[in-house]
**Q** 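Dropping a structure here in structure tokens format, bear with me for questions.
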Amino acid sequence: MEEKYSSIITPRNKLFEVNFKEIWDYRDLLMLFVKRDIVTSYKQTILGPLWWIIQPSMTVIIYMVVFGGIAGIPTDGIPKPLFYLSGVCMWQYFSDCLNKTSNTFVSNSGIFGKVYFPRLIMPLEYVISNLVRFGIQVGLFVVVYILYAISGANVSPNGYLLLLPLLVVMLAGLALGFGIIISSMTTKYRDFQILFAFLVSLWMYATPIVYPLSQVKGKIVGGIDLYTLMCLNPVTPLLDTFKHGALGAGEFVGWGWLAYSFAFMFVILTIGILIFNKVQRNFMDTV
């Protein structure tokens, strides 16, 4: 009898090749991984998903004591809990996606060696599953926001808040691009994994989370404009746009810097896919 095959697995000849149809065909598997990641995140814990609220809350309290109280860093007239929480929500989503995708090959080597499916499914799964945590933390931000608005706090949302979906997509793209690059490099050199975790912690302080961007505007250090240097960090325009849109804090960073972040995201994501496709061909020999 003539045998018929529903799908044929062929080798990839091009470095930059993303089979979106294949990823779409495996969408059920993608959703299964997303559900698994959400369920197992705090499995066998007493508080469960409440940790998604406790963690940013405790972080904000520490920031209020250290940066707002001891260091006395201003927050552009915005209540400190709102100012810090707006930055923590966005940064937490970015860093969570970044840390998980940067460990894609190493943490999933067992399943990669047993069954075939599009390898990009795994980093995409981390980006999507973290949206649930991000949604819960944004919900916490909204609750705190409403409480301060009722009490007459100086908060004034504006039209830039409508850019939030685009900002989240850009954060996800940046995290995915950087993450799969590091993941590809750590298959052979595990030192990059340790170095990258350290650099991410430093990256946070180069992003206006605990201080407003207005504090560095017009300041020159060693002949370098600190405002321009800070905006060269592709995450800075995204976080500052969200803060300005939701709280009315500071000035809008500008469409030019947002375009820069988008272009940076596109380039780093392209480079990431190129390296990812090259490494996935033989990573099982070195992982």
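Because the structure is a prediction, the values reported are computed rather than measured. By convention here, the first residue in the shown sequence is residue 1.
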**Q** On the 0 to 90° scale, with breaks at 30° and 60°, tag the Phe67-Tyr205 ring pair as parallel, tilted or perpendicular.
**A**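 Phe67 vs Tyr205 ring planes: tilted.
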**Q** Are Met58 and Tyr63 in one and the same hydrophobic cluster, where Ile, Leu, Val, Met, Phe, Trp and Tyr link if side-chain heavy atoms are under 4.5 Å apart?
**A**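 Yes; Tyr63 is reachable from Met58 via cluster members.
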**Q** Keeping the roles fixed (side chain from Ser156, backbone from Gly248), state whether a donor-acceptor pair exists under 3.5 Å.
**A**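 Not a single qualifying donor-acceptor pair exists.
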**Q** Check for a donor-acceptor pair, side chain of Lys217 on one end and backbone N or O of Leu213 on the other, with a separation under 3.5 Å.
**A**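 Not at all, since once roles are kept as given, no pair shorter than 3.5 Å links the two residues.
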**Q** Calculate, to the nearest 0.5 Å, the distance between atoms CD1 and OG1 belonging to Ile182 and Thr101 respectively.
**A**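 Result: 9.5 Å between the selected atoms.
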**Q** Counting C-beta onward and ignoring hydrogens, is there a side-chain heavy-atom pair between Ser95 and Met204 closer than 4.5 Å?
**A**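 Not in contact.
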**Q** Between Val168 and Leu238, is the side chain to side chain contact (heavy atoms under 4.5 Å, CB included) condition met? List the steps.
**A** CA-CA 8 Å; Val168 173; Leu238 307 182; over 6 Å; no
**Q** Restricting to non-hydrogen atoms, name the atom on Val155 and the atom on Pro79 that form the minimum distance, rounded to 0.1 Å.
**A**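 Closest approach of Val155 to Pro79, heavy atoms only: CG1-CD, 4.3 Å.
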**Q** Passes side chain to side chain contact (heavy atoms under 4.5 Å, CB included), Ser57 versus Leu140? Steps please.
**A** CA-CA 9 Å; Ser57 300; Leu140 172 64; 3.6 Å; yes
**Q** Does atom CG (Asp25) have a neighbourhood of more than 12 heavy atoms from anything else shown, all under 6.0 Å?
**A**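 Buried by this count: over 12 neighbours within 6.0 Å.
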**Q** In terms of hydrophobic clusters joined by side-chain contacts under 4.5 Å, are Met31 and Ile121 together?
**A**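 Yes, Met31 and Ile121 fall within the same hydrophobic cluster.
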**Q** Can you run down the salt bridge (Lys or Arg N to Asp or Glu O under 4.0 Å) pairs that involve residues 133-162, sequence neighbours left out, and say none if there aren't any?
**A**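 For residues 133-162: Asp96-Arg133.
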**Q** Could you check whether any side-chain heavy atom of Phe83 comes within less than 4.5 Å of a side-chain heavy atom of Val210, counting everything from C-beta outward?
**A**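 Result no, sub-4.5 Å side-chain heavy-atom pair not found.
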**Q** Any side-chain to backbone donor/acceptor pair from Tyr126 onto Leu98? Under 3.5 Å, distance only.
**A**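 Judged by distance alone, no pair lies under 3.5 Å.
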**Q** Is it true that a side-chain atom of Asp240 and a backbone atom of Thr236 form a donor plus acceptor pair closer than 3.5 Å?
**A**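 Judged by distance alone, no pair lies under 3.5 Å.
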**Q** Is a side-chain N or O of Gln137 found less than 3.5 angstrom from the main chain of Pro56, in a donor-acceptor match?
**A**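 A pair under 3.5 Å: no.
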**Q** Look up atom CZ in Phe33 and atom CG in Asp28, then write down how far apart they are to the nearest 0.5 Å.
**A**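 Interatomic distance, Phe33 CZ to Asp28 CG, rounded to 0.5 Å: 12.0 Å.
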**Q** Looking only at non-hydrogen atoms, find the nearest pair between Tyr211 and Met230 and report the distance.
**A**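 Looking at all heavy atoms of both residues, the shortest contact is OH-CE, 2.7 Å.
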**Q** For side chain to side chain contact (heavy atoms under 4.5 Å, CB included), just list the numbers for His244 and Val253, CA-CA rounded to whole Å, side-chain angles, deciding distance to a tenth of an Å, and then say yes or no.
**A** CA-CA 9 Å; His244 178 67; Val253 71; over 6 Å; no
**Q** Is the centre of the Phe178 ring less than 6.0 Å from the centre of the Trp203 ring?
**A**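 Distance test on ring centres: under 6.0 Å, yes.
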**Q** Mind checking the CG-CG spacing from Asn158 to Leu247? Nearest 0.5 Å is all I need.
**A**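 The CG atom of Asn158 sits 9.5 Å away from the CG atom of Leu247.
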**Q** Same cluster for Phe134 and Val143 if Ile/Leu/Val/Met/Phe/Trp/Tyr side chains link at under 4.5 Å?
**A**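 Cluster IDs for Phe134 and Val143 differ.
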**Q** Nearest 0.5 Å, please: how far is CG in Leu258 from OH in Tyr160?
**A**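 It comes to 9.5 Å.
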**Q** Is any side-chain heavy atom of Arg36 closer than 4.5 Å to a side-chain heavy atom of Glu125?
**A**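 Side-chain contact under 4.5 Å: yes.
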**Q** Under 3.5 Å, side chain of Asp76 to main-chain N/O of Pro212, donor-acceptor pair present?
**A**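 No, because the side chain of Asp76 does not come within donor-acceptor range (under 3.5 Å) of the backbone of Pro212.
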**Q** Which residue pairs satisfy the ring-ring contact (aromatic ring centres under 6.0 Å, His included) criterion with at least one member in residues 212-243, sequence neighbours excluded?
**A**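 Output for this query lists Phe141-Phe242.
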**Q** Thr270 side chain to Phe266 main-chain N or O, any donor-acceptor pair under 3.5 Å?
**A**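 Looks like yes, one N/O pair under 3.5 Å.
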**Q** Report the relative orientation of the aromatic rings in Trp91 and Phe94; use parallel for angles under 30°, tilted for 30 to 60°, perpendicular for over 60°.
**A**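 Plane angle between 30° and 60°, so tilted.
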**Q** Mark yes or no for whether Tyr93, through its side chain, and Val127, through its backbone, hold a donor-acceptor pair below 3.5 Å.
**A**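 Confirmed, Tyr93 side chain pairs with Val127 backbone.
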**Q** State, with a plain yes or no, whether a side-chain heavy atom of Ile220 is found less than 4.5 Å away from one of Leu226.
**A**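 With C-beta onward as the side chain, the pair stays apart.
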**Q** Heavy-atom distance under 4.5 Å between the side chains of Val34 and Val132, does that happen here?
**A**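 Not touching, per the 4.5 Å side-chain cut-off.
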**Q** With the threshold set at 4.0 Å, does a side-chain nitrogen-carboxylate oxygen contact exist between Asp37 and Lys100?
**A**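 Counted as a salt bridge, because a side-chain N and a carboxylate O are separated by less than 4.0 Å.
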**Q** Quick check: closest heavy atoms across Pro237 and Thr241, and the distance to 0.1 Å?
**A**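 Heavy atoms of Pro237 and Thr241 come nearest at O-OG1, 2.6 Å.
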**Q** Measure the spacing between CG of Leu82 and NZ of Lys80 and express it to the nearest 0.5 Å.
**A**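 Those atoms lie 12.0 Å apart.
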**Q** Could you tell me whether a side-chain N or O of Asn233 sits under 3.5 Å from a main-chain N or O of Ala206, the two making a donor and an acceptor?
**A**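 Yes, Asn233 side chain to Ala206 backbone: donor-acceptor pair under 3.5 Å.
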**Q** Is there side-chain contact between Tyr84 and Thr75, with heavy atoms separated by less than 4.5 Å?
**A**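 Yes, their side chains come closer than 4.5 Å.
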**Q** Taking the side chain as C-beta and beyond, is there a heavy-atom pair between Ile275 and Ile180 under 4.5 Å?
**A**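 Counting from C-beta outward, Ile275 and Ile180 never come under 4.5 Å.
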**Q** Are Leu50 and Ile136 co-members of a hydrophobic cluster defined by side-chain heavy atoms under 4.5 Å apart?
**A**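 Yes, one cluster joins them.
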**Q** Group every Ile, Leu, Val, Met, Phe, Trp and Tyr by side-chain heavy-atom contacts under 4.5 Å, then state whether Trp255 and Tyr260 land in the same group.
**A**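 Trp255 and Tyr260: one cluster.
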**Q** How long is the straight-line distance from NZ of Lys35 back to CD1 of Ile128, given to the nearest 0.5 Å?
**A**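 Taking CD1 in Ile128 and NZ in Lys35, the distance rounds to 15.5 Å.
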**Q** Answer yes or no: is there a side-chain heavy-atom contact under 4.5 Å between Pro234 and Phe262?
**A**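 Pro234 does not reach Phe262 side chain to side chain.
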**Q** Dump the intermediate steps for side chain to side chain contact (heavy atoms under 4.5 Å, CB included) on Val235 and Ser261, then the final yes or no.
**A** CA-CA 7 Å; Val235 182; Ser261 292; over 6 Å; no
**Q** Looking at every heavy atom in both Gly87 and Leu239, which two are closest together, and how far apart are they?
**A**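 Closest heavy-atom pair between Gly87 and Leu239: O-CD2, 4.0 Å.
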